[in-house]
Amino acid sequence: CVVGQRCFLIRKKIRILSQRTTRDKLLVFLNLKAKQAGSKEFDIPYNRQELADFLCVERSAMSVEISKLRREGIIESEKNHFKLIAPSGTPG
(Lines give C-alpha, C1' and ligand atoms only; values in the text may rest on other atoms or scores of the structure.)
Protein backbone atom coordinates (compact mmCIF):
# COMPACT_ATOMS: atom_id res chain seq x y z
CA CYS A 1 0.00 0.00 0.00
CA VAL A 2 1.55 3.27 -1.14
CA VAL A 3 -0.15 5.32 1.58
CA GLY A 4 1.14 2.95 4.27
CA GLN A 5 4.70 3.17 2.93
CA ARG A 6 4.51 6.95 2.79
CA CYS A 7 3.22 7.07 6.36
CA PHE A 8 6.06 4.79 7.50
CA LEU A 9 8.67 7.05 5.84
CA ILE A 10 7.16 10.14 7.42
CA ARG A 11 7.25 8.51 10.87
CA LYS A 12 10.95 7.65 10.37
CA LYS A 13 11.78 11.20 9.35
CA ILE A 14 9.89 12.61 12.34
CA ARG A 15 11.84 10.26 14.61
CA ILE A 16 15.11 11.52 13.15
CA LEU A 17 14.21 15.21 13.19
CA SER A 18 12.85 15.06 16.74
CA GLN A 19 16.40 14.50 18.01
CA ARG A 20 17.90 17.60 19.61
CA THR A 21 21.49 17.48 18.37
CA THR A 22 23.16 16.99 15.02
CA ARG A 23 24.98 13.98 16.47
CA ASP A 24 21.76 12.33 17.63
CA LYS A 25 20.00 12.99 14.31
CA LEU A 26 22.93 11.46 12.48
CA LEU A 27 23.13 8.41 14.75
CA VAL A 28 19.41 7.69 14.57
CA PHE A 29 19.53 8.04 10.78
CA LEU A 30 22.53 5.71 10.47
CA ASN A 31 21.00 3.13 12.81
CA LEU A 32 17.75 3.15 10.82
CA LYS A 33 19.69 2.72 7.56
CA ALA A 34 21.66 -0.19 9.05
CA LYS A 35 18.42 -1.89 10.12
CA GLN A 36 16.94 -1.28 6.68
CA ALA A 37 20.05 -2.76 5.02
CA GLY A 38 20.14 -5.69 7.44
CA SER A 39 23.83 -5.02 7.96
CA LYS A 40 26.10 -2.72 9.96
CA GLU A 41 27.76 -1.79 6.64
CA PHE A 42 25.70 0.10 4.07
CA ASP A 43 25.54 2.94 1.55
CA ILE A 44 23.27 5.94 1.94
CA PRO A 45 21.55 7.54 -1.07
CA TYR A 46 22.88 11.03 -0.32
CA ASN A 47 26.07 13.04 -0.64
CA ARG A 48 27.11 15.16 2.37
CA GLN A 49 25.07 18.22 1.41
CA GLU A 50 21.97 16.15 0.64
CA LEU A 51 22.31 14.32 3.96
CA ALA A 52 22.64 17.61 5.84
CA ASP A 53 19.54 18.92 4.06
CA PHE A 54 17.63 15.71 4.89
CA LEU A 55 18.64 16.00 8.57
CA CYS A 56 17.94 19.77 8.59
CA VAL A 57 21.44 20.57 9.88
CA GLU A 58 24.43 22.56 8.65
CA ARG A 59 26.76 20.50 6.47
CA SER A 60 29.87 21.71 8.28
CA ALA A 61 28.44 20.82 11.72
CA MET A 62 27.40 17.40 10.42
CA SER A 63 30.87 16.79 8.97
CA VAL A 64 32.43 17.68 12.33
CA GLU A 65 30.16 15.11 14.04
CA ILE A 66 31.00 12.43 11.46
CA SER A 67 34.69 13.08 12.12
CA LYS A 68 34.16 12.83 15.89
CA LEU A 69 32.24 9.56 15.52
CA ARG A 70 35.09 8.16 13.41
CA ARG A 71 37.73 9.23 15.96
CA GLU A 72 35.65 7.70 18.77
CA GLY A 73 35.51 4.40 16.88
CA ILE A 74 31.72 4.43 16.58
CA ILE A 75 31.62 4.50 12.77
CA GLU A 76 33.79 4.12 9.71
CA SER A 77 32.86 6.13 6.65
CA GLU A 78 34.03 7.04 3.19
CA LYS A 79 31.81 9.27 1.09
CA ASN A 80 28.34 7.70 1.25
CA HIS A 81 29.49 4.32 2.62
CA PHE A 82 29.15 3.77 6.38
CA LYS A 83 29.93 1.00 8.83
CA LEU A 84 28.66 1.02 12.41
CA ILE A 85 31.44 -0.24 14.69
CA ALA A 86 30.51 0.39 18.33
CA PRO A 87 27.25 1.04 20.16
CA SER A 88 26.53 4.75 20.21
CA GLY A 89 24.28 5.00 23.22
CA THR A 90 21.58 6.52 21.04
CA PRO A 91 18.53 4.37 20.37
CA GLY A 92 18.29 3.43 16.72
Flag side-chain contact, heavy atom, 4.5 Å: I16 against L55: yes

CZ-CD1 distance between F29 and I44, expressed to the nearest 0.5 angstrom: 5.0 Å

Any residue meeting ring-ring contact (aromatic ring centres under 6.0 Å, His included) with Y46, in chain and number order, not counting sequence neighbours: F54

Pairs touching residues 60-77 that satisfy side chain to side chain donor-acceptor pair (under 3.5 Å), sequence neighbours left out: R23-E72

I14: partners by side-chain contact (heavy atoms from CB on, under 4.5 Å), with sequence neighbours left out: I10

Counterpart residues, side chain to side chain donor-acceptor pair (under 3.5 Å), relative to D43 (two or more places apart): H81

Main-chain N/O of P45 paired with N80 side-chain donor or acceptor, under 3.5 Å: no

Pairwise salt bridge (charged side-chain N to carboxylate O under 4.0 Å, His left out) hits with a residue in residues 44-59, at least two apart: none

Least distance between heavy atoms, A86 atom then G73 atom: CB-O, 3.5 Å

Contacts of type side chain to side chain donor-acceptor pair (under 3.5 Å), residue E78, not counting sequence neighbours: none

K12 atom NZ, neighbour heavy-atom count above 12 within 6.0 Å: yes

Residues that F82 engages under ring-ring contact (aromatic ring centres under 6.0 Å, His included), provided they are two or more places apart: none

Working for side-chain contact (heavy atoms from CB on, under 4.5 Å), residues L27 and I74: CA-CA 10 Å; L27 287 170; I74 294 171; 4.3 Å; yes

For R11, side-chain contact (heavy atoms from CB on, under 4.5 Å) partners two or more places apart: C7, F8

4.5 Å side-chain heavy-atom contact, L32 and R15: yes

